[in-house]
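Structure record follows, encoded as structure tokens.
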Amino acid sequence: MSSSFTPKREDKFAFGLWTIGHLGTDPFGTATRPPIYPADFVRKLGELNVWGVSFHDDDLLPYKSTLAEQDKIKKDFRKALDDSGVVVSMSTTNLFSHPVFKDGAFTSNDPQVRKYAIQKVLNALDVGAEFGAPTAVFWGGREGVEAAGSKYPLDALERYREALNYFIGYIKDKGYKMRMALEPKPNEPRGDTFLPTIGHMMAFIETLEDPSMVGINPEVAHETMAGLSFYQGVAQAIWQKKLFHIDLNDQKIGRYDQDLRFGSEGIKDNFFLVRMLEKTGYSGPKHFDSRPYRNEHGDGIWEFAKNSMRNYLALAEKARAYDADPDVQAAHKVSGHDTLAQPTIGGYSSDSADKLKQEVFDADKLAERSYFNERLDQLAIDHILGLK
Ligand code: GLT
Ligand code: MN
Ligand code: MN
């Protein structure tokens with residue numbers, strides 16, 4: 001077992017300015033940590049061998065900052081990127097903090113607010129393009145309701161689609177080399193959010209003008225909040241070639257959005273997640289959308305960053321050992337695991353259907369089989385616990 005789990009740039013780990021740099025605010029309390037200047041943040045990422053940095057428009061260029069201030073921030077940020085070799089891996093738009101978005105952004109009942117939201121995104125896309133961000137993320141935090149009767153949901157979905165189609169047009173018109181990744185979340189801050197899960201989001205994408213430009217950015221915490229298996233959701237996204245980006249963090253089921261350090265809670269789920277990302281050759285950013293505990297300060301926030309990457313690398317190593325283990329391979333055999341990769345009957349033809357109807361199945365006999373899942377699952381636990 002490797003002793004250090006030190007990241008390399010080719011691991012493609014990334015952090016958002018708002019993640020390690022989170023001030024520790026929560027709905028009940030104000031900041032517990034000072035802000036970090038974006039250029040300093042990037043230099044520190046470089047020291048830790050982090051590959052990418054992401055940002056919201058307002059993280060980089062604070063609301064109401066003057067043009068001169070913005071120029072200085074951007075110049076310093078550019079220099080830090082060049083000096084450190086860190087790349088901008090994604091950019092996004094804050095459509096949730098300002099009170100103007102209290103009723104939603106693309107789905108606000110006020111058309112002026114909706115237009116303002118679209119304008120804010122166009123400006124954010126320009127900033128993302130300026131720094132070479134290949135992906136624009138859309139998290140519709142305020143797109144939802146508390147009062148169910150306040151928005152007719154079919155209209156809201158239509159307005160959501162209108163906005164995204166507009167951005168498809170803008171990105172093409174400007175010739176930006178950028179794809180969009182939509183991030184679902186079931187609730188919080190709204191009581192009910194539109195497009196709440198990976199499945200809803202992927203179905204919605206197919207209704208857009210150019211679905212090939214749009215994929216998803218699923219987050220561990222968000223799917224877990226909904227009581228769903230993140231692993232299964234991500235699997236479908238990979239299968240449908242829609243995993244454009246991923247937000248790695250951790251979460252206890254049934255809680256508010258905790259954004260915990262990756263690998264600190266749902267270890268078995270994360271083990272299988274990392275195994276799948278590695279096996280399928282996911283080549284996008286491994287982006288940590290998490291934040292240090294509110295009572296962490298100083299060096300502790302960078303320790304949090306290092307351990308997020310360390311947990312990923314450690315789980316990847318455990319997954320490799322699991323797959324190489326002859327006991328696991330034997331358990332796969334008796335469980336029938338590998339035969340699932342073989343076609344059942346192939347495409348339909350009337351001949352094959354006639355033949356199938358002639359076949360005799362002894363369902364009672366077939367039902368007697370054991371799939372030895374207890375053994376197989378324990379092998380995963382043994383590997384995770386370091387017993388193997
Ligand atoms: C916000 C949210 C995250 C999203 C960010 C992208 S904003 O921090 O909680 O899940 O990924 O807009
Ligand atoms: Mn979250
Ligand atoms: Mn996220």
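Each ligand, and each atom within it, is numbered from 1 in the order the structure gives.
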Inset, instruction - Give a yes/no verdict on whether any heavy atom in F96 is under 4.0 Å from an atom of ligand 1. - result: yes

Inset, instruction - Check the surroundings of atom NZ in K388: do more than 12 heavy atoms from other residues, nucleotides or ligands lie under 6.0 Å from it? - result: yes

Legend entry - H222 neighbourhood, listing ligand 1 atoms whose heavy-atom distance to it stays under 4.0 Å: 10 (O)

Inset, instruction - Give, rounded to 10 degrees, the angle between OD2 (D289) and OD2 (D247) as seen from the Mn ion (ligand 3). - result: 90°

Inset, instruction - Could you tell me whether L67 atom CG has more than 12 heavy atoms of other residues or ligands within 6.0 Å of it? - result: no

Legend entry - Degrees at the Mn ion (ligand 2) between the OD1 atom of D259 and the OE2 atom of E219, nearest 10°: 90°

Legend entry - NE2 (H222) - the Mn ion (ligand 2) - OD2 (D257) angle, nearest 10°: 90°

Inset, instruction - Test the R275-F271 pair against the cation-pi criterion, namely NZ or CZ under 6.0 angstrom from the six-membered ring centroid and within 45° of the ring axis. - result: no

Inset, instruction - Please find out if less than 6.0 Å separates the ring center of F96 from that of H56. - result: yes

Inset, instruction - Check whether any N or O atom of N217, backbone or side chain, sits under 3.5 Å from an N or O atom of ligand 1, and answer yes or no. - result: no

Legend entry - Aromatic ring pairing F272/Y231, orientation class (parallel under 30°, perpendicular over 60°, tilted between): tilted

Legend entry - Where ligand 1 meets E183 - atom numbers and elements under 4.0 angstrom, heavy-atom basis: 3 (C), 4 (C), 10 (O), 11 (O)

Inset, instruction - Restricting to N/O/S, name the atom of E183 that gets closest to the Mn ion (ligand 3). - result: OE2

Legend entry - Protein heavy-atom partner closest to atom 3 (C) of ligand 1 - residue, atom, separation in Å: D289 OD2, 2.9 Å

Inset, instruction - Evaluate the side-chain proximity of T197 to E223: yes if any heavy-atom separation is below 4.5 Å, no if none is. - result: yes

Inset, instruction - For residues F288 and M309, determine if any side-chain heavy atom of one lies less than 4.5 Å from a side-chain heavy atom of the other. - result: yes

Legend entry - Charged tip of R179 within 45° of F244 ring normal and under 6.0 Å: yes

Inset, instruction - Would you mind listing which atoms of ligand 1 come within a distance below 4.0 Å of any non-hydrogen atom of D247? - result: 11 (O)

Legend entry - Taking atom 8 (O) of ligand 1 as the reference point, the nearest protein heavy atom with its distance: W18 NE1, 3.2 Å

Legend entry - Shortest protein heavy-atom distance from atom 7 (S) of ligand 1, along with the residue and atom involved: H56 NE2, 3.0 Å

